[in-house]
Protein chains: 2
Amino acid sequence: MVVEKDNELWADRAFHALSDATRRDMMTRCVRNSPSISTLALAYPMSFAAVQKHVTVLERAGLVSKQRRGREQLVVAERSGLRRASELLGEFEQLWRGRLDRFDDLLQSDTESGH
Amino acid sequence: MVVEKDNELWADRAFHALSDATRRDMMTRCVRNSPSISTLALAYPMSFAAVQKHVTVLERAGLVSKQRRGREQLVVAERSGLRRASELLGEFEQLWRGRLDRFDDLLQSDTESGH
DNA sequence: GTAACGTACAACTAAATGGTTGTAGAAAAA
DNA sequence: TTTTTCTACAACCATTTAGTTGTACGTTAC
C-alpha cells in the first residue's frame, strides 16, 4: 500500500536520475573520488548551479549523499541506492523466469497426460 | 567514440523509459502476456493514445517490440533490453569493487612497507 | 457492404526538466 | 579584516514530457 507507493516513487526518482549521461558520469566520479561539488563542476561544460542541481537529483534518488568538510561539500556515492535499482531490474528478470517455469510446467503436464 | 555515444543515448532512453510507474507496470504485463495495445490500455486510467505513447517510449528504448496479429498489435517485452540495463548498473557496482580492491592494495603495500 | 474495432498520428495544453544569471552567506586564505 | 572560495537558492527561459481530443485508415465482424 503506502510502502508500494513509496517504492514506486523512489523508483521513479532513481531511474530518472540515471537517465541522464551527465549524472551517470557524476556517479562514476563519486564512486571513485567523493569529490566536492565544485571539483565535480570542473568536469562539465555547464555552470556550477547546473551541476548543483544534478547532484540534488542524485541525492533525492538516494544515489549519493553530501558530506560537509569545512566549506566544501563532498558528494559520496551511496551503494545501497545502486543496489536497490539493480534489484528492481532483477525482479523483472525474475518475472521472465517465472514465465518460463510455467511454460515448462505446461510442457511437463502435457507430456504426463500422454499426448 | 560513436559507439559510446550510442550507448549513452540508449541508456538515456532505457532509464527514462523505466522512470515512470505506468511504464514499469506495462513492462510486467508484457513479460507475462504480450497483450495488444488496446488490451493494455484497459488497465490504465488514461486514453488509448496516451498508452500508445508509453508503448512507443518503451519501444524506442528497446524494452519492448510490437508484433502485428491481424488488426491488433501485440506488445512483447524484450529481454535483451532489460538485460542490457541490468548490465549497466552492474558496471557501476563493479566500479565499487575496483575501488575496494585498490583500497586493499593500499593496505597491502602499507603493510609490506613495514608500518 | 456497413458497422465496429484497433491502430496511427497530428495538434494542442500543462507541467516538469535542464539550463542560465544573480544574490547572499559561511568558511578559509590573504 | 578583507578577500576569495564554496555553497545555496531564487527567478527566469527553452525544451521536453505526459496527457488530451480529433481525424484517418486498415482489418474484422455482422
Side-chain angles (χ1 to χ4, degrees), chain A residues 5 8-30 33-78 85, chain B residues 5 8-30 33-77:
Chain A
K5 264 280 189 182
E8 293 296 297
L9 205 68
W10 174 81
D12 283 5
R13 284 204 263 253
F15 287 124
H16 171 251
L18 291 169
S19 75
D20 181 280
T22 299
R23 284 191 293 261
R24 285 193 303 276
D25 188 74
M26 287 178 174
M27 279 302 294
T28 75
R29 287 173 196 267
C30 292
N33 268 359
S34 298
S36 70
I37 304 184
S38 49
T39 300
L40 202 53
L42 296 178
Y44 306 100
M46 65 184 71
S47 68
F48 172 81
V51 171
Q52 221 177 0
K53 282 193 184 181
H54 281 302
V55 170
T56 300
V57 170
L58 289 169
E59 189 185 21
R60 301 214 320 150
L63 295 173
V64 305
S65 62
K66 291 189 279 192
Q67 184 178 330
R68 252 226 137 69
R69 193 182 61 181
R71 67 181 158 184
E72 56 196 343
Q73 194 102 255
L74 305 187
V75 185
V76 39
E78 283 293 326
Chain B
K5 263 284 192 183
E8 293 296 299
L9 204 68
W10 175 82
D12 283 5
R13 285 203 264 253
F15 286 124
H16 172 250
L18 291 169
S19 75
D20 182 280
T22 300
R23 284 192 293 261
R24 285 193 303 276
D25 188 75
M26 286 179 175
M27 278 303 293
T28 76
R29 287 172 195 269
C30 292
N33 269 358
S34 298
S36 71
I37 303 184
S38 49
T39 301
L40 203 52
L42 296 178
Y44 306 101
M46 65 184 73
S47 68
F48 172 81
V51 171
Q52 222 177 0
K53 283 191 183 181
H54 281 302
V55 170
T56 300
V57 170
L58 288 168
E59 190 185 21
R60 302 214 319 150
L63 295 173
V64 306
S65 63
K66 291 189 278 190
Q67 185 178 329
R68 247 224 143 71
R69 194 182 59 181
R71 67 179 158 183
E72 57 197 342
Q73 194 104 254
L74 305 187
V75 185
V76 40

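Here is the naming used below: chain letters follow the sequence lines, and residue numbers restart at 1 for every chain. Given the structure is predicted, the values throughout are model-derived calculations rather than measurements.
- Here A:Ser47 reaches the OP1 or OP2 of C:dT20: one of its side-chain N or O atoms lies under 4.0 Å away.
- Here A:Lys66 does not reach the OP1 or OP2 of D:dT7: none of its side-chain N or O atoms lies under 4.0 Å away.
- Residue A:Gln52 places at least one side-chain N or O under 4.0 Å from the OP1 or OP2 atom of D:dA8.
- Candidate nucleotides D:dT7, C:dA8, D:dT20 were compared by shortest atom distance to the side chain of A:Arg68, and D:dT7 ranks first.
- You'll find that the side chain of A:Asp20 is closest to C:dG18, out of C:dG18, D:dA18, D:dC6.
- Nearest to the side-chain atoms of B:Phe48 among the listed nucleotides D:dG26, C:dA8, C:dG19 stands C:dA8.
- Nucleotide D:dT16 holds its P atom 12 Å from the CZ atom of B:Arg60, rounded to whole Å.
- Between B:Ala49 and B:Val57, the residue anchored closer to the 5' end of DNA chain D is B:Val57, taking for each the nucleotide with the nearest heavy atom.
- A cation-pi contact, defined as under 6.0 Å to the ring centre and within 45° of the axis, links B:Arg29 to B:Tyr44.
- OP1 or OP2 of D:dA18 sits under 4.0 Å from a side-chain N or O of B:His16.
- Counting any heavy atom pair closer than 4.0 Å across all strands shown, A:Arg69 reaches no nucleic acid atom.
- If you check D:dT5, D:dT20, C:dG6 against the side chain of A:Arg71, the one that comes closest is D:dT5.
- Contact of the B:Val64 side chain with the B:Val76 side chain is not registered, since no non-hydrogen atoms from C-beta on lie closer than 4.5 Å.
- Distance, B:Ile37 CD1 to C:dT7 P: 5 Å, rounded to whole Å.
- Within the nucleic acid shown, A:Ser38 comes within 4.0 Å of sugar-phosphate atoms alone, with no base atom in reach, counting heavy atoms only.
- Residue A:Phe15 contributes atom CZ, which lies 16 Å from atom P of C:dT17 at whole-angstrom precision.
- Just one of A:Glu72, A:Glu59, A:Glu78 meets the salt bridge (Lys or Arg N to Asp or Glu O under 4.0 Å) condition when paired with A:Lys66; it is A:Glu59.
- Contact between the side-chain N/O atoms of A:Arg23 and the OP1/OP2 oxygens of C:dG18 is found at a separation under 4.0 Å.
- Residue A:Ser36 is in sugar-phosphate contact alone, with no base atom involved, counting any heavy-atom pair closer than 4.0 Å across all strands shown.
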